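Okay, structure first, notes after.
Please read these numbers as outputs of a predicted model, since none were measured by experiment. Sequential numbering from 1 along the given sequence is applied to the chain's residues. Whatever order the structure lists ligands and atoms in, that order sets their numbers, starting from 1. Below, all heavy atoms of this structure are taken into account, side chains as well, without hydrogens, waters or symmetry copies.
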Amino acid sequence: MGNPINAQGARSPLIPHVKSTVAVASGKGGVGKSTVAANLAIALSSTGAQVGLMDTDVYGPSVPMLMGGNNVPHVVEGKLEPPVEYGVKIISMAYFLPKDEAVIWRGPMLHKTIQQFLGEVRWGALDYLIMDLPPGTGDIQLSLSQTIPLSGAVIVSTPQDLALTVASKAIAMFQKLNVPILGVVENMSYYLCPKCGHREEIFGHGGARAAAEKLGFPFLGEIPLDVNVRVQSDCGKPVALDGSTPYGKAFQEVANAVAKQVDAAGSKVDEGIQIE
Ligand SMILES: Nc1ncnc2c1ncn2[C@@H]1O[C@H](COP(=O)(O)OP(=O)(O)OP(=O)(O)O)[C@@H](O)[C@H]1O
Ligand SMILES: [Mg+2]
């Protein structure tokens, strides 16, 4: 614990007081990356950690909406002071775009935005900076991995084969970029009927665990498919705010598993590097 460097062995000068940076990614759209990123940030924060949440999906930013969107950033001494929602510091392109306006940018502009979201935001001292990534294996993923040393990536997948195949592509991309894979989360894992308690495995179940084990990565947990997760996300009150529900508990377990993997990635570096 308390390791001040991230998995790749150096803090970034852009965010010198951030201990670990965790990208939440998937190969495929709509599998719940943003939902997992927001709830992970809240669950980590509820353990007393200092947490930031960076929405790197400049084309479809959704983090402020998920996190309540009550506050906006302000400029303080020439830098952006990120708004705080539920104890988590947030930055997103959504704060800077007129509503319903689309971003049509090429790689260099995306790269510049990522750099600004890191270096020109007053993140201060953080234990975790969680990054919600857009779907796929494109410019943002590349830009992020090249701009700062990431502690690791959390891969979100639904249980069906197709999603898992695409998730493997995201894993392969991060490996090529030398970003450690912290593990795989299975979202929309099973459906629990709120009326009768019957468990229905709509997309199959356990596929992500099996795939993680086969590929040799940790399995970080499973999140049920539950209408409350969607409804509470839509009204800006992520379910992890209440750890007593089955889905709140599921996110807390994922957060504990992620924290453990971040620590393990840090200690691997510790073995090889002398910290002053
Ligand atoms: N476990 C869940 N139970 C019920 N609904 C869920 C669950 N996880 C996500 N959702 C819903 O599924 C939809 C897609 O989720 P989300 O926006 O988090 O996916 P995403 O992977 O970030 O999508 P994109 O690729 O477009 O960024 C949202 O409406 C969200 O509320
Ligand atoms: Mg998203």
Side-chain angles (χ1 to χ4, degrees), residues 22-43 53-69 88 90-95 97 102-103 110 114 117 130-141 144 153-160 162-167 169-171 173 184-194 199-209 220-243 245-255:
V22 175
V24 179
S26 73
K28 199 169 170 291
V31 295
K33 290 174 294 300
S34 304
T35 308
V36 169
N39 283 289
L40 176 61
I42 288 176
L53 178 56
M54 181 171 144
D55 187 353
T56 73
D57 191 346
V58 300
Y59 294 117
S62 56
V63 166
M65 184 274 279
L66 288 174
M67 296 289 284
V88 175
I90 299 169
I91 207 70
S92 168
M93 199 61 204
Y95 295 123
L97 281 177
V103 169
L110 295 174
I114 295 295
F117 275 6
I130 308 296
M131 306 187 176
D132 177 25
L133 265 57
T137 52
D139 279 334
I140 298 264
Q141 286 78 358
L144 198 57
V154 168
I155 307 293
V156 181
S157 180
T158 49
Q160 69 274 53
L162 176 65
L164 286 164
T165 309
V166 188
K169 286 192 184 153
I171 290 176
M173 174 196 68
V184 180
V185 175
E186 184 167 280
N187 188 30
M188 308 191 196
S189 190
Y190 52 90
Y191 174 71
L192 273 185
C193 173
R199 177 171 167 146
E200 189 71 52
E201 296 177 350
I202 295 179
F203 302 122
H205 170 250
R209 181 192 288 272
L220 301 169
E222 49 194 30
I223 311 293
L225 172 70
D226 193 302
V227 69
N228 290 302
V229 176
R230 207 261 312 143
V231 170
Q232 290 199 212
S233 287
D234 283 355
C235 67
K237 294 196 177 105
V239 291
L241 290 167
D242 180 0
T245 61
Y247 28 88
K249 268 197 200 106
F251 278 115
Q252 194 63 59
E253 280 167 22
V254 167

request  = Tell me which protein heavy atom sits closest to atom 12 (O) of ligand 1, plus the residue, atom name and distance to 0.1 Å.
outcome  = Met188 CE, 3.7 Å
Which pairs would a plain distance check flag for residues 231-241, meaning a side-chain donor or acceptor within less than 3.5 Å of a matching protein atom at least two apart in sequence or in another chain?
{"unit_1": "Gln232", "atom_1": "NE2", "unit_2": "Lys237", "atom_2": "O", "d": "2.8"}
{"unit_1": "Ser233", "atom_1": "OG", "unit_2": "Val229", "atom_2": "O", "d": "2.8"}
{"unit_1": "Asp234", "atom_1": "OD2", "unit_2": "Arg230", "atom_2": "NH1", "d": "2.7"}

task = Name the closest protein heavy atom to atom 9 (C) of ligand 1, giving the residue it belongs to and the distance to 0.1 Å.
result = Thr35 OG1, 3.5 Å
request  = Mind listing the closest non-hydrogen atom pair of Asn228 and Tyr247 along with its distance?
outcome  = ND2-OH, 3.2 Å
request  = For Gly29, take its heavy atoms, then give the atoms of ligand 1 lying under 4.0 Å from any of them.
outcome  = 25 (O)
Location of contacts on Pro224 toward ligand 1, heavy atoms closer than 4.0 Å = backbone
message = To the nearest 0.5 Å, what is the distance between CZ on Arg199 and OH on Tyr190?
response = 5.0 Å
request  = State which residue, out of Val63, Val24, Ile114, Ile91, fulfils the side-chain contact (heavy atoms from CB on, under 4.5 Å) condition with Thr56.
outcome  = Ile114
request  = Around atom 5 (N) of ligand 1, find the nearest protein heavy atom and jot down its residue, atom name and distance.
outcome  = Arg230 CB, 3.6 Å
query = Any idea which part of Val156 is under 4.0 Å from ligand 1, heavy-atom wise: side chain, backbone, both or neither?
reply = neither
ask   = Hey, which atoms in ligand 1 end up nearer than 4.0 Å to a heavy atom of Asp57?
value = 27 (O)
message = To check your reading of the model: name the closest protein heavy atom to atom 20 (P) of ligand 1, its residue, and the distance in Å.
response = Lys33 N, 3.5 Å
Backbone of Tyr95 reached by a side-chain donor or acceptor of Ser92 within 3.5 Å = no
message = Taking the side chain as everything from C-beta on, heavy atoms only, tell me whether Val154 gets closer than 4.5 Å to Val185.
response = yes
message = How long is the straight-line distance from CD1 of Ile130 back to CG of Asn39, given to the nearest 0.5 Å?
response = 11.5 Å
remark   = Across all chains, not counting sequence neighbours, the side chain to side chain contact (heavy atoms under 4.5 Å, CB included) partners of Ala250 are Ile223, Pro224
From Leu97 atom CG to Tyr59 atom OH, the distance as rounded to the nearest 0.5 Å = 12.0 Å
request  = Have a look around the Mg ion (ligand 2) and list protein N/O/S atoms under 2.8 Å, or say none.
outcome  = Ser34 OG
ask   = Would one find an N or O of Ser26, backbone or side chain, under 3.5 Å from an N or O of ligand 1?
value = no
request  = For the residue pair Lys28 and Pro135, establish whether any side-chain heavy-atom pair is separated by less than 4.5 Å.
outcome  = no
request  = Using a strict cut-off of 4.0 Å, indicate which atoms of ligand 1 neighbour a heavy atom of Pro135.
outcome  = 25 (O)
query = Considering residues at least two apart in sequence or located in another chain, which fulfil the side chain to side chain contact (heavy atoms under 4.5 Å, CB included) criterion with Glu253?
reply = none
ask   = Below 3.5 angstrom, do we get any N/O pair linking Ser34 and ligand 1?
value = yes
ask   = Can you tell me the protein heavy atom closest to atom 19 (O) of ligand 1 and the distance?
value = Gly32 N, 3.0 Å
ask   = Heavy-atom distance to atom 8 (N) of ligand 1: which of Val227, Asn187, Val229, Val239 wins?
value = Asn187
key: Part of Asp226 with heavy atoms under 4.0 Å of ligand 1, whether side chain, backbone, both or neither   = backbone
inquiry  = Could you tell me if Thr158 and Asn187 have a donor-acceptor pair between their side chains, going purely by distance under 3.5 Å?
reply    = no
inquiry  = If I apply the N/O under 3.5 Å rule, does Lys28 come out as touching ligand 1?
reply    = no
request  = State whether the side chain of Glu200 and the backbone N or O of Tyr191 hold a donor-acceptor pair below 3.5 Å, judged by distance alone.
outcome  = no
request  = Ignoring angles and geometry beyond distance, decide whether Gly30 reaches within less than 3.5 Å of ligand 1 through its nitrogen or oxygen atoms.
outcome  = yes
